[in-house]
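Scroll down for the structure; my scribbles are underneath it.
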Amino acid sequence: MTEIREDAQSPVACDPGSWTTLLRPPHLAVTTVLAGGTALHAINIYLVTAMLPSVVADVGGLRFYAWNTTLFMFASVVMSALVPKCLASLGPRNSYRLAFAAFALGTFACAAAPDMAVLLVGRTVQGVGGGLLVGLSYAMISATLPAPLWTRAAGILSAMWGVGTLVGPALGGAFAQWGQWRIAFLLLVPFAIAVALLLRSTMPGARAGNETAPVAYGNLALVAAAVLAVSVTSLSRQALVNFGGLVAAALLLGLFIHRERTRSRRLLPPTAFTPSSPLRPLYATLTVLVVASTTEIFVPFYGQELGGAAPLAAGFLGAAIAAGWTVGSMASAAWTDKARLLVGIGPVVSAVGLTGMAVMSWPSASLVTVLLWAVLLFVAGSGVGIAWPHMSAAAMTVGETPQEKNTAASSITTVQLVATSLGAALAGTVTNLTGVGGNATQIGHSAQWLYGTFAVIVLCGVLFAHRVIGERSRKHTEAES
């Protein structure tokens with residue numbers, strides 16, 4: 001794949017990694033491209049979620065409401081898995097150009113949509129661009145920045161999800177309230193163009209020479225089918241259907257893992273499922289942390305039903321997890337010499353926050369209790385953020401060739417998106433089983449079950465989190481220090 005840029009060898013770049021070094025020339029423009037692509041994807045997700053009711057009221061097609069998210073996630077997962085192929089075939093610069101072009105084209109289609117059919121096409125094309133943008137951002141950290149800056153760069157990418165959770169709902173909600181949701185879509189296009197203009201000076205144009213990146217299309221189809229299974233069945237209000245979707249997804253992913261271990265063509269790095277691979281505990285830890293964060297889906301609902309919060313206040317209560325994720329990532333990224341410890345305590349911190357929510361979720365909550373919920377949700381999110389930059393940096397060290405390193409780095413996005421789909425479906429199943437549609441007392445019990453169940457899930461990450469930073473990654477961390 002692409003060699004590290006020459007300016008990564010300059011005296012400035014060879015200094016010990018610091019935020020100042022990352023956020024000034026010559027690395028500022030690169031960081032802007034990496035973070036900008038992730039921010040576009042994240043803001044778009046939450047912007048559409050906030051204004052979709054108004055969009056559907058305008059263009060119709062209520063029965064296809066949920067497919068806006070389903071098709072977007074499906075396309076994102078597929079394209080994030082194809083990042084290594086794009087890099088090998090097109091090179092970094094042209095891969096990014098394809099991603100920005102697809103995102104802008106899909107956004108224009110959404111803004112101009114006269115009906116639901118065109119809107120769904122636009123959302124799918126947006127997903128193509130968004131999946132590529134996020135996958136490329138992680139894959140290109142190691143190719144465009146010196147090693148001492150990898151963890152901090154991963155921290156900034158992680159923080160962009162928090163930015164999306166804060167900016168997206170505010171922007172989407174405001175324009176939906178004004179009846180100008182089409183303008184909200186169009187506002188994303190100049191941002192995409194502005195970031196794309198930096199590509200020539202930041203991203204290598206060379207392709208990977210004679211290297212090829214054969215795609216395991218059968219394995220990719222299994223992952224895509226698993227995402228569709230949980231996405232479609234999560235739309236049902238019947239717990240049995242939700243549970244069936246989770247079982248189907250588990251079976252499909254089990255077959256996917258079997259093929260990854262036994263076939264020559266793989267979607268993930270060749271060593272991903274070998275007994276000594278650092279990627280196995282990394283994927284497991286990442287999955288439970290992401291699954292735990294999907295409780296944010298129901299936070300606004302519980303905030304309104306149990307705490308009497310207004311819709312806008314309840315929406316920002318739901319953003320507390322993302323805010324914790326952002327702050328945790330930015331604070332943790334500087335402690336590269338404590339990577340093993342931070343990854344190990346991340347699941348514990350998240351479990352503490354979710355356990356507190358399980359204990360304190362009751363009807364007619366006072367203002368003080370609601371404010372305490374915000375603190376606990378912030379803690380839950382910060383556990384994810386504490387571990388995330390170090391897990392991302394650890395993935396970048398796995399592999400003997402540039403092709404393998406790119407695949408390992410971009411696989412973070414694929415696993416994250418799949419885990420998000422699984423977590424959302426599981427959250428829907430738990431709430432359906434525990435009375436989310438009942439009276440205030442039943443809703444309180446539902447909240448306790450949801451937060452308690454997910455606290456147990458994330459706490460399981462302790463069993464393997466300490467293995468994420470293995471010998472190879474410890475050497476990398478020592479080199480950074």
Side-chain angles (χ1 to χ4, degrees), residues 1-8 22 25-45 72 75-108 124-145 149-150 153-154 156-158 160-161 163-164 188-209 211 213 215 392 395-396 402-403 405-414 416-417:
M1 203 17 242
T2 313
E3 298 294 332
I4 294 178
R5 297 171 59 221
E6 291 182 5
D7 61 25
L22 181 65
H27 304 308
L28 176 59
V30 172
T31 304
T32 300
V33 172
L34 299 177
T38 302
L40 264 176
H41 181 70
I43 291 173
N44 179 63
I45 289 175
F72 180 85
S76 296
V77 169
V78 171
M79 294 311 298
S80 68
L82 293 178
V83 165
K85 177 66 175 178
C86 286
L87 288 172
S89 301
L90 303 176
R93 190 183 303 159
N94 286 333
S95 295
Y96 256 112
R97 284 173 175 166
L98 173 63
F100 280 117
F103 185 87
L105 180 62
T107 301
F108 270 122
T124 303
V125 178
Q126 270 193 329
V128 170
L132 271 177
L133 284 173
V134 179
L136 285 168
S137 295
Y138 281 103
M140 293 310 298
I141 287 177
S142 61
T144 55
L145 295 171
L149 297 177
W150 290 358
I156 286 184
L157 297 191
S158 176
M160 290 303 101
W161 290 96
V163 171
L188 298 176
V189 177
F191 182 49
I193 294 174
V195 178
L197 290 175
L198 297 174
L199 292 176
R200 186 170 184 82
S201 62
T202 58
M203 290 295 146
R207 292 182 291 178
E211 287 189 39
V215 178
S392 301
M396 296 172 203
Q403 179 70 35
K405 292 180 186 293
N406 284 333
T407 302
S410 60
S411 69
I412 293 292
T413 301
T414 304
Q416 177 187 358
L417 294 174

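All heavy atoms count here, side chains included; hydrogens, waters and symmetry mates do not. Bear in mind that the values here come from a model prediction, so they are computed numbers and not experimental data.
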Are any of the side-chain heavy atoms of H41 and S76 separated by less than 4.5 Å?
yes
For A29 versus T202, what's the shortest heavy-atom pair and its separation?
CB-CG2, 3.4 Å
Determine the minimum heavy-atom distance between A192 and F100, stating which atoms define it.
O-CD2, 3.7 Å
Are any non-hydrogen side-chain atoms of L157 and L34 less than 4.5 angstrom apart?
yes
Apply side-chain contact (heavy atoms from CB on, under 4.5 Å) to residues C86 and Y96 and explain how you reach the verdict.
CA-CA 9 Å; C86 286; Y96 256 112; over 6 Å; no
V134 vs W161 side-chain heavy atoms within contact, under 4.5 Å
yes
Quick check: do I412 and S80 have side-chain heavy atoms less than 4.5 Å from each other?
no
V30 vs M140 side-chain heavy atoms within contact, under 4.5 Å
no
Going by side-chain contact (heavy atoms from CB on, under 4.5 Å), S95 matches just one of L90, L199, L82. Which one?
L90
Euclidean distance, I43 CD1 relative to M160 CE, rounded to 0.5 Å:
8.5 Å
Picking from T144, T32, L145, what satisfies side-chain contact (heavy atoms from CB on, under 4.5 Å) with H27?
L145
Looking only at non-hydrogen atoms, find the nearest pair between R97 and R200 and report the distance.
NH2-NH1, 4.4 Å
Among T38, I141, L87, which residue satisfies the side-chain contact (heavy atoms from CB on, under 4.5 Å) criterion with L136?
L87
Spacing of T107 atom OG1 and N44 atom CG [to the nearest 0.5 Å]
5.5 Å
Please tell me if the side chains of V83 and Y138 come closer than 4.5 Å, counting only heavy atoms from C-beta onward.
no
Closest heavy-atom pair, A99 versus L132, reported as atoms and distance to 0.1 Å, is CB-CB, 3.6 Å
Can you tell me how far CG of L133 sits from CG of L98, rounded to the nearest 0.5 angstrom?
9.5 Å
What I'd like to find out is whether the side chain of F103 reaches to under 4.5 Å of the side chain of V128, using heavy atoms alone.
no
Any M79 side-chain heavy atom under 4.5 Å of T413 side chain
no
Rounded to the nearest 0.5 Å, what's the gap from OG1 on T31 to CG on L22? Could you check?
3.5 Å
